[in-house]
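Below is one structure, written out as structure tokens; comments come after it.
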Amino acid sequence: MFVQKSITLLTTFALSITFVNAQSSLNKIWETPQLPVPESVLYSEKEDQLFVSLIDGEGNKKDGKGGIAILGTDGSIKNKTWVEGLHAPKGLARYKNVLFVADLTALVSIDIPSGKILNKLEIDSAVFLNDVTVDAKGVVFISDTRTNKIHRIKDGKQEVYLRDVKGPNGLKWINKNLYVLASTELIKVDEKKRITVLAKGLEKSGDGLEQLANGDFIATCWPGIIYHIKASGELHKLQDVQGQMNTADLGYNAKAGIIYIPTFNQNSVIAYKLSIK
């Protein structure tokens, strides 16, 4: 497999970039540039690598420029054009050896071993599909931020799972519950579709969502904010770089305690060591 080294190596300066609050801190490890509009990162423990969705154009157009790249966990570019011909790929999720991609109006399924596209399922009434998550049985949930809907795909059949969810974006299925970043709130949806607001008051609409081992969450807001959301609902800013770079749909390596931030218009992915106090 072609390997291209295109990585900002650790330097004294890079190591000094630390974002801290009273609760936790981020320490920059590496940054990989020259990635055309990265929107989402998914860490794959099985292959010890990162899948990165690349819009490479505008986020709301069917232009065929988008694709999926693969990075090493050291930031090296293993395959910049692993999958091509997508439109505006955003959120990523995995079930067994299939990678699911939210691709504007379609759910794209990719065979991971071969890199071949298995299916493109157009979602009824979809306008701006944004994030995707999968439950333990392979049922897929996908958010449409513009229509305020969350769709469910089960056994190849699609349905609107939830309506009137304000600006849904980041999704995460955890222990029979669906967690959603809905505009400036984090909500939990149980199996009976009962909704509980876990946290509210994000400065901007939420984007990416990951849960930590202690039940807390890390959430991003696209304009440049990273939050530590405690299980109690308390919000703590880990980083606020609004006006300097974007912070889109993060990936998370739980064993190493590292988060991976796609910077969207800054065309890079940054890895940070996460320290929770």
Side-chain angles (χ1 to χ4, degrees), residues 37-40 42 53-66 86-93 95 99-110 119-135 138-174 177-209 219-223 246-250 262 264-265:
V37 194
E39 201 282 336
S40 181
L42 179 69
S53 62
L54 303 176
I55 294 177
D56 194 13
E58 295 188 39
N60 61 351
K61 287 190 176 181
K62 292 188 174 184
D63 54 16
K65 294 182 178 180
L86 303 181
H87 295 306
K90 299 178 181 68
L92 305 170
Y95 181 72
L99 181 71
F100 293 103
V101 185
D103 194 32
L104 195 58
T105 62
L107 175 68
V108 176
S109 308
I110 301 167
N119 189 36
K120 292 184 179 181
L121 177 65
E122 286 290 333
I123 303 299
D124 295 340
S125 74
V127 175
F128 197 84
L129 298 177
N130 215 329
D131 200 14
V132 59
T133 191
V134 186
D135 74 7
V139 177
V140 179
F141 299 83
I142 188 164
S143 59
D144 190 329
T145 306
R146 300 284 170 84
T147 64
N148 298 321
K149 296 176 183 176
I150 296 174
H151 299 265
R152 180 170 71 174
I153 298 88
K154 182 178 181 181
D155 298 326
K157 298 179 181 179
Q158 58 174 292
E159 65 174 340
V160 177
Y161 183 68
L162 285 175
R163 301 177 186 271
D164 302 319
V165 181
K166 186 177 179 181
N169 191 343
L171 302 178
K172 190 64 62 174
W173 181 271
I174 306 167
N177 295 302
L178 179 64
Y179 293 82
V180 185
L181 284 173
S183 186
T184 57
E185 296 182 342
L186 171 60
I187 64 174
K188 180 179 75 173
V189 184
D190 69 15
E191 290 184 296
K192 295 183 178 180
K193 300 186 183 181
R194 294 175 298 200
I195 296 175
T196 303
V197 177
L198 301 179
K200 56 185 178 180
L202 277 68
E203 186 173 318
K204 304 289 184 178
S205 292
D207 195 326
L209 183 68
T220 56
C221 299
W222 183 86
N246 304 118
T247 50
D249 185 7
L250 80 161
F264 205 84
N265 286 322

Would you find a donor on one side and an acceptor on the other, under 3.5 Å apart, between the side chain of [X] and the backbone of [Y]?
{"X": "N177", "Y": "K188", "result": "no"}
{"X": "Q158", "Y": "D124", "result": "yes"}
{"X": "T145", "Y": "P168", "result": "yes"}
{"X": "T184", "Y": "G201", "result": "no"}

Could you give the distance from [atom1] ([X]) to [atom2] ([Y]), rounded to the nearest 0.5 Å?
{"X": "N60", "Y": "H87", "atom1": "CG", "atom2": "NE2", "answer": "13.0 Å"}
{"X": "D144", "Y": "H151", "atom1": "CG", "atom2": "NE2", "answer": "5.0 Å"}
{"X": "K166", "Y": "E185", "atom1": "NZ", "atom2": "CD", "answer": "8.0 Å"}
{"X": "I153", "Y": "F100", "atom1": "CD1", "atom2": "CZ", "answer": "8.5 Å"}
{"X": "L162", "Y": "K193", "atom1": "CG", "atom2": "NZ", "answer": "6.0 Å"}
{"X": "T133", "Y": "I150", "atom1": "OG1", "atom2": "CD1", "answer": "10.5 Å"}

query: Quick one: are E39 and S53 in side-chain contact, heavy atoms under 4.5 Å?
result: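 In contact.
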Residue that, paired with P89, satisfies side chain to side chain contact (heavy atoms under 4.5 Å, CB included) out of D103, L104, V37: D103
task: May I ask you to check if K90 and F128 form a cation-pi contact, with NZ or CZ under 6.0 angstrom from the six-membered ring centre and within 45° of the axis?
output: yes
For residues [X] and [Y], report the shortest heavy-atom separation together with the two atoms involved.
{"X": "D131", "Y": "G170", "result": "OD2-CA, 3.3 Å"}
{"X": "K172", "Y": "L209", "result": "CE-O, 3.2 Å"}
{"X": "L181", "Y": "D207", "result": "CD1-N, 3.6 Å"}
{"X": "R194", "Y": "D190", "result": "NE-OD2, 2.7 Å"}
{"X": "C221", "Y": "K204", "result": "SG-O, 3.3 Å"}
{"X": "E122", "Y": "T105", "result": "OE1-OG1, 2.8 Å"}

task: Kindly indicate, with the supporting measurements, whether the criterion side-chain contact (heavy atoms from CB on, under 4.5 Å) is fulfilled by Y95 and V139.
output: CA-CA 9 Å; Y95 181 72; V139 177; over 6 Å; no
message: Within a 6.0 Å radius of atom NZ on K65, are there more than 12 heavy atoms belonging to other residues, nucleotides or ligands?
response: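 It does not: K65 NZ has 12 such atoms or fewer within range.
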- request: State whether the number of non-hydrogen atoms from other residues, nucleotides or ligands found under 6.0 Å of K157 atom NZ is greater than 12.
  value: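 Incorrect, the count does not exceed 12.
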- prompt: In terms of the angle between their ring planes, are F141 and W173 parallel, tilted or perpendicular, with boundaries placed at 30° and 60°?
  reply: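 Aromatic pair F141/W173 classed parallel.
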I110 vs V101, side-chain contact (heavy atoms from CB on, under 4.5 Å): CA-CA, chis, key distance, verdict: CA-CA 8 Å; I110 301 167; V101 185; 3.8 Å; yes
- request: Tell me, with the steps shown, if S143 and V180 meet side-chain contact (heavy atoms from CB on, under 4.5 Å).
  value: CA-CA 9 Å; S143 59; V180 185; 6.0 Å; no
query: Run the side chain to side chain donor-acceptor pair (under 3.5 Å) check on D249 and S40 step by step: do they pass?
result: CA-CA 4 Å; D249 185 7; S40 181; 2.9 Å; yes
message: Working note: V189 + V165, criterion side-chain contact (heavy atoms from CB on, under 4.5 Å); need CA distance, chi angles, decisive distance, verdict.
response: CA-CA 11 Å; V189 184; V165 181; over 6 Å; no
